[in-house]
Amino acid sequence: MDEVFAQSKRLFSLPLCDKMKLLRNEKHRGYTPILDELLDPENQIRVGDYKEGYYIGIEEKNPGDDSGGEMPFYGPNIWPAEDLLPGWRKIMEKFHREALEVARAIARLIALALGLENDFFDKSEMLGEPIAVLRLLHYEGQISEPAKGIFGAGAHTDYGLITLLATDENFGLQICKDKDAKPRIWEYVAPLKGAFVVNLGDMLERWSNCVFRSTLHRVLGNGQDRYSIAYFVEPSNDCLVECLPTCKSDENPPKFPPILCKTYLSQRYKETHVDLDTYKSSIDENLGTQHAPML
């Protein structure tokens, strides 16, 4: 994990012109510039999150012909050139594989807690062939001002089953234990070296009929550079997420309608990320500068 953090810093320290050559594609692989993502439009009065990121997914499996665009979250990764960042790809692929095994172990505990067989989430349509995404994150030395709508990352819940989050030694992550409370009460999560913060996702909330609630969280910048490693674990594209039989009854009917994983993810990504067409007119003029395109 120390090496992944070190390699993440190497990537984000590259000139912007090199990072923009790795700009994310329609499959959500690659680099996301500062202000690319807007997670809490109701409270963020500025244009977006003061963070940059890098998406890496699973690419050794090809779930079928994607010519029709039916597999929106599968496809080859975008990798920095080996001569630019030697060994970078190998390190990230190793972390990706090992983090997935951690996530599967946690999912087995969740299954038992819900009265299911421990291998319930190991099925091929779930974590057998998941949409597991590693995202490197770098928060600039921006000071957040919640009253003015300025955040490192706006308040949001993650989309999938669980997220494994590793952080550096700098504070910044806050959670709200009761997301329905008014006003919301925010508290910091202290960094713990070598540990994962486990965020519960929206799909787990839907599956469990709110037995487990997705974790509302945000990031406040305090003027320090801050790095984190997020590992998002979601089922396959065609997994139907619907209330589990152990989580419903006549007195407690399902609270959410069934939905395909790819449908839910596509909606959420579209809501939170800048349209890629926004970059096309400005990317050439910005490749030679150290400033991100104005969005």
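Being a predicted model, the structure only gives us computed values, none of them experimental. Heavy-atom basis, side chains included; hydrogens, waters and symmetry copies ignored.
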Only distances under 3.5 Å count here; give the side-chain donor-acceptor pairs of residues 8-15 to other protein atoms, sequence neighbours excluded, each with its distance to 0.1 Å.
{"from": "R10", "atom 1": "NH1", "to": "Q7", "atom 2": "OE1", "distance (Å)": "2.7"}
{"from": "S13", "atom 1": "OG", "to": "K9", "atom 2": "O", "distance (Å)": "3.1"}
{"from": "S13", "atom 1": "OG", "to": "R10", "atom 2": "O", "distance (Å)": "2.9"}

Decide ring pair (Phe, Tyr, Trp, His ring centres under 6.0 Å) for F121 and W207; before the verdict, give the C-alpha distance in whole Å, the side-chain angles of both, and the deciding distance to 0.1 Å.
-> CA-CA 11 Å; F121 292 110; W207 258 319; 5.3 Å; yes

Given R104 and E101, is the salt bridge (Lys or Arg N to Asp or Glu O under 4.0 Å) satisfied, shown in steps?
-> CA-CA 5 Å; R104 284 174 170 150; E101 293 311 307; 2.8 Å; yes

Where do R218 and S144 land on the side-chain hydrogen bond (donor to acceptor under 3.5 Å, both in side chains) test, with the steps shown first?
-> CA-CA 11 Å; R218 68 185 187 183; S144 295; over 6 Å; no

Go through F95 and E3 one step at a time and tell me if the side chain to side chain contact (heavy atoms under 4.5 Å, CB included) criterion holds.
-> CA-CA 10 Å; F95 182 86; E3 185 64 17; over 6 Å; no

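Between the side chains of S236 and E129, no donor-acceptor pair is found at a separation under 3.5 Å. For Y264 and D202, the side-chain atoms include at least one donor-acceptor pair closer than 3.5 Å. One side chain, N77 or R29, offers a donor N or O that lies under 3.5 Å from an acceptor on the other. For the 3.5 Å distance criterion, the side chains of T272 and Y159 qualify, holding a donor opposite an acceptor.
Legend: residues meeting side-chain hydrogen bond (donor to acceptor under 3.5 Å, both in side chains) with K177, ordered by chain and number and at least two apart, are absent. In this structure, the side-chain hydrogen bond (donor to acceptor under 3.5 Å, both in side chains) partners of Y231, at least two apart in sequence or on a different chain, are H96.
I185 CD1: 12 or fewer foreign heavy atoms inside a 6.0 Å radius. Counting non-hydrogen atoms of neighbouring residues, nucleotides and ligands closer than 6.0 angstrom, the NZ atom of K179 exceeds 12 such neighbours.
By the 4.5 Å heavy-atom criterion applied to side chains, I106 and L164 are counted as neighbours.
Cluster membership for F171 and L173, using ILVMFWY side-chain heavy atoms within less than 4.5 angstrom, is not shared.
Screening Q142, E37, E140 against K51 for a side-chain hydrogen bond (donor to acceptor under 3.5 Å, both in side chains) leaves a single residue, E37.
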